[in-house]
Amino acid sequence: MLTRFMTLETIEAWLRETNPERLELLWQTADKVRKQTVGDEVYFRGLIELSNYCSRNCLYCGLRGERKNLERYRMTVGEIKACVLEAKVLGYGTVVLQSGEDPGLDPEVMADLIRWIKREAGLAITLSLGERSEAVFRLWKQAGADRYLLRIETTDDAFMQVIHPGEPHGSRKANIDRLFALGYEVGSGVMVGIPGQTYGILAKDLLWFRERDFDMIGIGPHLAHPDTPLAKVNTNQPDQVPNTEVVTHKAVALTRILCPEANLPATTALATVNREDGREMALKRGANVVMPNVTPTKYRKLYEIYPSKACIDETADMCKNCLGGRILSLDRKVGKGPGARQRNKY
Ligand code: 5AD
Ligand code: SF4
Ligand code: FES
C-alpha cells in the first residue's frame with residue numbers, strides 16, 4: 001500500500017500516522033525509493049535571493065508588500081553576476097534566481113542576465129520569480145533558463161483564495177501549465193501546517209504532485225512570521241495539520257514514493273526548525289537536493305520570509321563546507337553537474 005499508486009485515503013492516513021514502527025516503514029520505503037531512482041548523489045543548487053520587493057500579499061509571508069517595517073533591496077546586475085561566479089567556483093551546477101514578485105525586475109534585463117550566465121558560467125538556471133505573463137516566461141526560456149519554481153501552496157480553491165488575497169482564480173495552476181508547455185523543468189511545492197490547512201487538503205496536494213509529474217517539489221514547515229496576518233490565527237481547529245518537523249517529513253517521504261524521480265530539496269525551513277540535523281533527517285527520508293544560499297550576507301537577513309532563518313550569518317563558503325560534511329556523514333555523495341531530472345529509471 002505504500003506505493004506510487006496509493007489512494008487519497010491512504011495518503012491521508014499516513015499523514016496522520018503516529019505509530020513509531022509504522023513510521024519507520026514509511027521512512028525506510030522513501031529512502032529505498034530515493035536510492036533506486038535518484039541514487040546517492042545530493043545536488044547543490046546555489047540560491048541567489050536577488051530582491052525582496054514583492055507586490056503580493058500572501059498571508060503567511062514576511063516579504064508581503066503590505067509589510068512596511070522591512071528594508072527592501074534589489075541586487076544590481078553586477079552583484080548577481082559576482083554571486084553566480086562564486087557559485088561556479090564553489091562547484092555548484094545550478095543557480096536558483098529567486099525574488100518576491102518584484103515589478104522592478106525588468107524582464108529584458110533578466111533575459112540579458114540569463115544569456116550572460118549561460119555564456120560565461122555554463123550553469124543550469126532555475127528561476128523562482130513568481131507569476132509572470134506567458135510572454136515573459138517564453139522570453140526567459142528562450143534566453144536559456146532551464147527550470148522554474150512556482151509553489152502551489154494549496155490545490156484547494158477556497159483555501160487558495162484565503163491565503164492569497166487578490167490573486168485571480170486559478171492563476172497558479174494556469175501558470176504551471178504554461179511553464180510545462182514552454183518546456184521548463186517545473187517545480188512546485190507546499191508548506192506544511194499553514195493555519196487552515198487540513199489533513200484532507202494536504203493529502204490532495206500530494207496526490208496532485210503525482211498527477212502533474214513535477215520535476216522538483218519543495219516542502220517545508222510553515223513558520224509563522226509575527227508581522228503577517230497568519231501569526232494571529234488560531235491553529236486549534238479540528239483536522240489542522242501541525243507545522244512540525246515530523247509531519248513535514250511524512251509529506252516529503254510520501255512525495256518521494258508518489259513521485260519517485262522528482263528532485264526533492266531538504267528545505268531551509270526544515271533546517272530552521274532543527275538546526276542540529278534538520279537537513280540530514282530530510283535527506284534520510286526522501287530528499288536528494290540542498291539549496292545553499294550564495295546571497296551576499298548583508299542581504300540575507302532582509303530576505304525574511306520567516307524569522308530566524310538558518311544560515312543568515314554564514315558565508316557561501318561556510319555553507320558549502322557545512323553541507324558537504326553533513327552529506328558525507330550520511331554516506332551519500334556530492335552530486336556533480338546540473339543534476340537535471342532523469343526519466344524512466346523507475
Ligand atoms: N514559513 C515557511 N515558508 C514560507 N514561505 C513563505 N512564507 C513562509 C513561512 N512563513 C515559502 C513559500 C514560498 C517560498 C518563497 O517560501 O512556500 O513559496
Ligand atoms: Fe511575495 Fe512570494 Fe512572499 Fe507571496 S510568497 S508575498 S509572492 S515573496
Ligand atoms: Fe549554511 Fe550549514 S548550511 S551553515
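Indexing begins at 1, ligand by ligand and atom by atom, following the structure's order.
- By the 3.5 Å distance cut-off applied to N or O atoms, Ala269 is not counted among the residues near ligand 1.
- Remark: Asp40 engages Lys35 in a salt bridge, criterion side-chain N to carboxylate O under 4.0 Å.
- Using a 4.0 angstrom heavy-atom cutoff, Glu153 counts as in contact with ligand 1.
- When each atom of ligand 2 is checked for a heavy atom of Cys58 under 4.0 Å away, the hits are 4 (Fe), 5 (S), 6 (S), 7 (S).
- The Arg279 neighbourhood of ligand 3 comprises atoms 3 (S), with distances under 4.0 Å to a heavy atom of that residue.
- If you look at Cys61 next to ligand 1, the close heavy atoms, those under 4.0 Å, come from the backbone and the side chain alike.
- Residue contact annotation: Lys320 has no non-hydrogen atom under 4.0 Å from ligand 3.
- The residue His225 has no part lying near ligand 1, judged by heavy-atom distances below 4.0 Å.
- The protein non-hydrogen atom at the shortest distance from atom 4 (C) of ligand 1 is Met191 SD, 3.2 Å.
- In terms of polar-atom proximity, Tyr306 is not counted as a contact of ligand 1, lacking any N or O under 3.5 Å from an N or O of the ligand.
- Counting the atoms of ligand 3 from 1 in the order shown, those under 4.0 Å from a heavy atom of Cys311 are 1 (Fe), 3 (S), 4 (S).
- Near Tyr60, meaning under 4.0 Å from any of its heavy atoms, are these atoms of ligand 2: 5 (S).
- Look at Asp317 and Lys320 and you find no salt bridge, because none of the NZ, NE, NH1 or NH2 atoms lies under 4.0 Å from a carboxylate O.
- Taking a cutoff of 4.0 Å between a charged side-chain nitrogen and a carboxylate oxygen, Asp102 and Arg72 do not qualify as a salt bridge.
- For the pair Pro221 and ligand 1, a heavy-atom separation below 4.0 Å is found.
- Cation-pi geometry between Arg45 and Tyr92 is not satisfied (NZ or CZ under 6.0 Å from the ring centre, within 45° of the ring normal).
- Short contacts between ligand 2 and Cys61, defined as distances under 4.0 Å to a heavy atom of the residue, involve ligand atoms 3 (Fe), 5 (S), 6 (S), 8 (S).
- Counting only heavy atoms, the protein never gets under 4.0 Å from atom 2 (Fe) of ligand 2.
- Among all non-hydrogen protein atoms, the one lying nearest atom 8 (S) of ligand 2 is Gly100 CA, 3.6 Å.
- Under a 4.0 Å N-O distance rule, the pair Arg332/Glu280 does not qualify as a salt bridge.
- With ligand atoms numbered from 1 in the order given, ligand 1 contributes 11 (C), 12 (C), 17 (O), 18 (O) to contacts under 4.0 Å with heavy atoms of Arg151.
- The atoms of ligand 3 that sit less than 4.0 Å from any heavy atom of Glu314 are 4 (S).
- Of all atoms in ligand 2, numbered sequentially from 1 with element shown, those under 4.0 Å from a heavy atom of Arg64 are 6 (S).
- Of all the heavy atoms in Ala266 and Val290, the pair that sits closest is CB-CG1, 4.4 Å.
- For Glu261 and Arg343, the salt-bridge test fails: no basic side-chain N is under 4.0 Å from an acidic carboxylate O.
- Taking atom 6 (C) of ligand 1 as the reference point, the nearest protein heavy-atom neighbour is Ile305 CG2, 3.0 Å.
- Close approach to Cys322 involves these atoms of ligand 3, each under 4.0 Å from a residue heavy atom: 2 (Fe), 3 (S), 4 (S).
- A heavy-atom distance below 4.5 Å is found between the side chains of Leu8 and Lys204.
- Contact check on Glu131 versus Arg56 returns a salt bridge, with a Lys/Arg side-chain nitrogen under 4.0 Å from an Asp/Glu carboxylate oxygen.
- For the residue pair Asn293 / Glu49, a side-chain donor-acceptor distance below 3.5 Å is found, with atom types taken as modelled.
- Closest to atom 7 (S) of ligand 2 among all protein heavy atoms lies Cys54 SG, 3.6 Å.
- By the 4.0 Å N-to-carboxylate-O rule, Asp277 lies too far from Lys284 to be salt-bridged with it.
- For Arg341 and Glu185, the salt-bridge test fails: no basic side-chain N is under 4.0 Å from an acidic carboxylate O.
- Ring geometry, Tyr184 versus Phe137: the interplanar angle exceeds 60°, so the pair is classed perpendicular (tilted spans 30 to 60°).
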